Q: 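Structure below; questions to follow.
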Amino acid sequence: MTDSKYFTTTKKGEIFELKSELNSDKKEKKREAVKKVIASMTVGKDVSALFPDVVNCMQTDNLELKKLVYLYLMNYAKSNPDMAIMAVNTFVKDCEDPNPLIRALAVRTMGCIRVEKITEYLCEPLRKCLRDEDPYVRKTAAVCVAKLYDINAQLVDDQGFLEQLKELLSDSNPMVVANAVAALSEMNEASITGSPLIEMNSQTINKLLTALNECTEWGQVFILDSLANYSPKDDREAQSICERITPRLAHANAAVVLSAIKVLMKLMEMLPTDSDFVTTLTKKLAPPLVTLLSTEPEVQYVALRNINLIVQKRPDILKHEMKVFFVKYNDPIYVKLEKLDIMIRLASQANIAQVLSELKEYATEVDVDFVRKAVRAIGRCAIKVEQSAERCVSTLLDLIQTKVNYVVQEAIVVIKDIFRKYPNKYESIISLLCENLDTLDEPEARASMIWIIGEYAERIDNADELLESFLEGFHDENTQVQLQLLTAIVKLFLKRPTDTQELVQQVLSLATQDSDNPDLRDRGFIYWRLLSTDPGAAKDVVLAEKPLISEETDLLEPTLLDELVCHISSLASVYHKPPNAFVEGRPGLRKSLPARNENASASNVPQAAVIPAPQESLIGDLLSMDLTTPAVVNTSVQPPSVDLLASGLDSLLTTSDLPAASSSNTGLLGDIFGFNPTPVSYSPPKQLWLPSENGKGLEIMGTFSRKNGQISMDITLKNKAMQPMSGFAIQLNKNSFGLTPARPLQVLNPLLPTASYETSLALATTGLVQRMEPITNLQVAIKNNIDVLYFACIIPMNVFFIEDGQMDKRVFLKTWKDIPAENEVQFTLKNVLCNTEAIVLKMSQNNVFTIAKRHVEGQDMLYQSIKLTNGNWVLNELKIQPGNPNITLSLKLLAMEVAQGVFQAYDAILHS
C-alpha cells in the first residue's frame, strides 16, 4: 500500500483524532499519526496546534519517526519559538546518541531551526559534532556552522567555530573537507565586512587539491570554486595548481568541467601568454568544451553561454573547432541562436568559406527568427573578415533574389552596415536594392533603405521620387524611419539643391509643425536653422565623413567580461550579467581576473619604483569603493623625488655652446600693457567618457588640464534621463600617478532633466599608486541618486609635467650619459608645421624646458628636460631639419612605461 492514504481523509474532527493518536501507547499507531500530520502539513493545512503532541514523539529509537518529527519541527519552530525550547533537551541528548545517523540528524535539524532562543543551546552539541569520530557527523556539522552564521555571525566568531572549520580543511575525509570549503564560501559571501573570513595559503590550497581527487562531484565543485578565489603568489605556484586541476577536465559532470575551466582561465591570466605551458593548456581546454555540446539541449545551452564568454576572452581555445558549432536540424531554437553567435566570433580568414556556406544554408530554413539571425550573421562576417566581404555581398544578393520578404529586409539592414564599413566599394548594387523598395514593411529595413538613398543620392537618378514616396505616409511611420527620412532629404537637398527645394520644405514642415515627437522636432529645427543661416556649415555637418563601424559591436565591456569569466558555471555566465544585477540583497564582492603578467621573464631594464606592478584586481577595488564624499586632500604635499642628479660632474658643456631658452614670452600685449600673460598649456578637447545609455541617462564628457601647477578634471554632466539627479560624488581607483580628488565634486543639485553642468575637479597626486595598463588609464566611479556608474578614461601625459622640471645643463649631460643606452627610444613626429622657436615656446608653456640648442650639419638639435609629478625625469632630444615637417624625438628615461605617453603629449601639443 502506498503513502497516498495519508493525504485523503473525510473525518470532521481531524485535529482531535490526530492528537489522540499521537498520544497513543502503540508505536505503530503513533508513527501513522505523525505521517498523517506531515501529509497535512505538506498540502498546506495548519497543524501547528499539534506541536506539543508531536514533540512528545521525539523520545523514540525509531529513526524513521524521529526524521518525521524533526521535519515537523523545522517547519513550525519559527511560529512557535517558546514551545520549540521543549525539544532542546532531546536535541542535546540525540547529539550524543551512539548512532552517527541520529547525531547528524540532530545537529542538522538544530541548524535548520532558525530561532534565536535555540542557537545558544546549539553551540555545545555543534562543537562536539565538529570533532566527532564519524566523518558523516563532521561533514553535517560543517554545514551547520554556515547556517548558524546566517542567524548570528557574532556567535560563530565568539565560539571559535571558524577555527574549527579551518581545522576541518585538513580533515582526512575528503567529503568533510568539501563541506568545510562550501560552508566557508557561503559565509564569505554573507560576510558584511567583505573581507575573507579565513585567508587561504599555499598549505591549505595543497590540502584542498589533495582532497579534490577523492571527493564526490559536488564536493569537487565546492573545492574548485574556492580555488578560483585564491591568488597564487607567483607563476610557479599558478602553474602547479593548473597541472593538478587539469585532470578534472575529463570529468563526466558538466559542473565539474566548467568549474575547472573557470579556475584555469583565471590562473592563465597570471602566466606569460607566450609560454609553452599556456599554449599546451589552451589546447587541453578545447576537448572538454566540445564534449559538453554532445549532451542534452539544456546543458548545451548553458555550455554555449559559457563558451561565448570564453571565446571573447581567449578565441584561440576553440579556433580550430568551428564544425562543432554548426547547427543541427533538431537543435532547439535557443541552441541554434547561441551556436550562430559563437560561429561569428570564431570566423576568420581561414574558415570563412566554410562559415558562409553554412550561413547561406541556414538562410533557407523555415524558422523565421533563425533565418533573420543567419542573414545578419553574413553581414557581420563581411564586416569582421575584410577578405570575405565581396563573397558575403554576393551571398546577400542571392538571398535578395529569393524575394522572401523577411530575408530581403534583413539583407538590406546588413548591407547598410557593409556600406558604412567599406565606403565606395559595393555601391553598384544600390539599383538592385531599390527594386525591393515596395516590399519593405519593417521600420529598421525602411530606415536602412532610406539611409542608403540619402547617402548615395548623387548616384540614384530618381532619389527624390523614392524619398517622396516615403513622405506620403510620414505621420504613420515609426520614429526611426521619420528621423532617417528627414536626414536623407536634407542630404539630397545639399547634393541637388535646385530640384529638391520643395521636398525639403515639405519634410521640415512635417517635422517641426505637424509632429509631437520632440526628437524629430528638434532635429528639424536644427536643420532648418543651419540651411537658412549657413548652407556651407550645414554641408559640413550633414555630409561630414562618417567613422567606419567597428568589427564587433556586441562584445561585452572588458571589465564586465573579466568579472563574468570569474563566474563561469554560475547563473551569471548564463545571463551575461554580474550577480548583483539579478540577486536581491547584499551585493557581495565583485570578482575580477588578475592583471595579465606580460613581463614574467624578468628584464634587466630598471623600472621606476614609484609605479608598482599590479598585485590585485583593479576593477574590484573600484567597484567596492566607498563613494561617500571624499575628504579634501592637502595638495601641497609632494611625493619624494627620485634623485638622478649625482655630484662630481665634469665641465663638459660651456655656456656659449648651450644658451638656455627662456620659458616666458610676454608678446605684444606685454609690451603695450606691461604685464606677462600666463602661458597657455595644452588641454585636449572634451571626449565622451560615459554615454547616456551606459550611464542610466547621465552623459559625461571631459578632459584634463594643468593650470598654475594644479591638475584638473574638467567635466560636463548632462542629464538625459526623465528624472532629476542629485547626490553626486566621485571616486578614483588606484592609478599609476596616485591621482585623487583634492576636494569634493561640486555639481548643481538637483541636475534637472535635459540640463547640463560644467565643473572642474581639482586633483592631487597623493593617492594610492597602482600601475595601470596603459599607464595613463584612470578608472572612475560617479555616484548619484540613481546608481553608481563606472567608466575609464585616458589622462594626457602632459598634465603630469611639473613646473620645476628645468635641469641644470651640466647635470643634464651627466644624467644623459648615466641612463643606459637600452633605455633610449626614438619616435617620429610627423607633419609638424612649427619652426624651432615655435616648438621651444609651445613646449615651455607645457613645462617642457629647453636646456640647450645646437645647429649641427644643417639641422637644429634641442635638448629638453621634463619632470613628472612622481619625481621621474625624462630627457629629450629633438632633431629639426628646416623644410622637413617630420621631427625625430629621442627619449632617455628610467621609467620606460611612460615613453609612449610622453611621445603622444609631444604630438598633441605640437599639432595643437
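Remember, it's a predicted structure, so these values are computed and weren't measured experimentally.
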Q: Could you note down all residue pairs passing side chain to side chain donor-acceptor pair (under 3.5 Å) where residues 284-304 supplies at least one of them, sequence neighbours left out?
A: none

Q: May I ask you to check if Lys425 and Tyr422 form a cation-pi contact, with NZ or CZ under 6.0 angstrom from the six-membered ring centre and within 45° of the axis?
A: yes

Q: Test of understanding: with salt bridge (Lys or Arg N to Asp or Glu O under 4.0 Å), list the residues that count as partners of Arg244, not counting sequence neighbours.
A: none

Q: Can you list the residues that meet the ring-ring contact (aromatic ring centres under 6.0 Å, His included) rule with Tyr456, with sequence neighbours excluded?
A: Phe419

Q: Could you pull out all residues at least two apart from Tyr329 that satisfy ring-ring contact (aromatic ring centres under 6.0 Å, His included)?
A: none

Q: Lys696: what forms a salt bridge (Lys or Arg N to Asp or Glu O under 4.0 Å) with it, not counting sequence neighbours?
A: Asp787

Q: According to salt bridge (Lys or Arg N to Asp or Glu O under 4.0 Å), who are the partners of Glu214, at least two apart in sequence or on a separate chain?
A: none

Q: Can you sort out the partners of Tyr575 under ring-ring contact (aromatic ring centres under 6.0 Å, His included), two or more places apart, ordered by chain and number?
A: Phe582

Q: Do Gln349 and Gln387 have a side chain donor and acceptor closer than 3.5 Å?
A: yes

Q: Test of understanding: with salt bridge (Lys or Arg N to Asp or Glu O under 4.0 Å), list the residues that count as partners of Lys139, not counting sequence neighbours.
A: none

Q: Take atom NZ of Lys403 as the centre, draw a 6.0 Å sphere, and report whether it contains more than 12 heavy atoms from other residues, nucleotides or ligands.
A: yes

Q: With a 4.5 Å limit on heavy-atom distance, are the side chains of Ile460 and Ile430 in contact?
A: yes

Q: Listed by chain and number, what are the side chain to side chain donor-acceptor pair (under 3.5 Å) partners of Lys339, not counting sequence neighbours?
A: Asp331

Q: Going by the side chain to side chain donor-acceptor pair (under 3.5 Å) test, which pairs reach into residues 355-367, not counting sequence neighbours?
A: Glu358-Tyr362, Lys360-Asp398

Q: Using the test side chain to side chain donor-acceptor pair (under 3.5 Å), find all partners of Arg108 that sit at least two apart in sequence or belong to another chain.
A: Tyr136

Q: With side chains defined as the heavy atoms from C-beta onward, is the minimum distance between Leu483 and Thr479 less than 4.5 Å?
A: yes

Q: Only distances under 3.5 Å count here; give the side-chain donor-acceptor pairs of residues 245-253 to other protein atoms, sequence neighbours excluded, each with its distance to 0.1 Å.
A:
unit_1: Thr246; atom_1: OG1; unit_2: Cys242; atom_2: O; d: 2.5
unit_1: Arg248; atom_1: NH1; unit_2: Gln220; atom_2: OE1; d: 3.1
unit_1: Arg248; atom_1: NH2; unit_2: Asn213; atom_2: OD1; d: 3.1
unit_1: His251; atom_1: ND1; unit_2: Asn253; atom_2: N; d: 3.0
unit_1: Asn253; atom_1: OD1; unit_2: Ala255; atom_2: N; d: 2.7
unit_1: Asn253; atom_1: ND2; unit_2: Glu217; atom_2: OE1; d: 3.4
unit_1: Asn253; atom_1: ND2; unit_2: Glu217; atom_2: OE2; d: 3.4

Q: If you measure from the Lys or Arg side-chain nitrogens to the Asp or Glu carboxylate oxygens, is any gap between Lys336 and Asp369 under 4.0 Å?
A: no

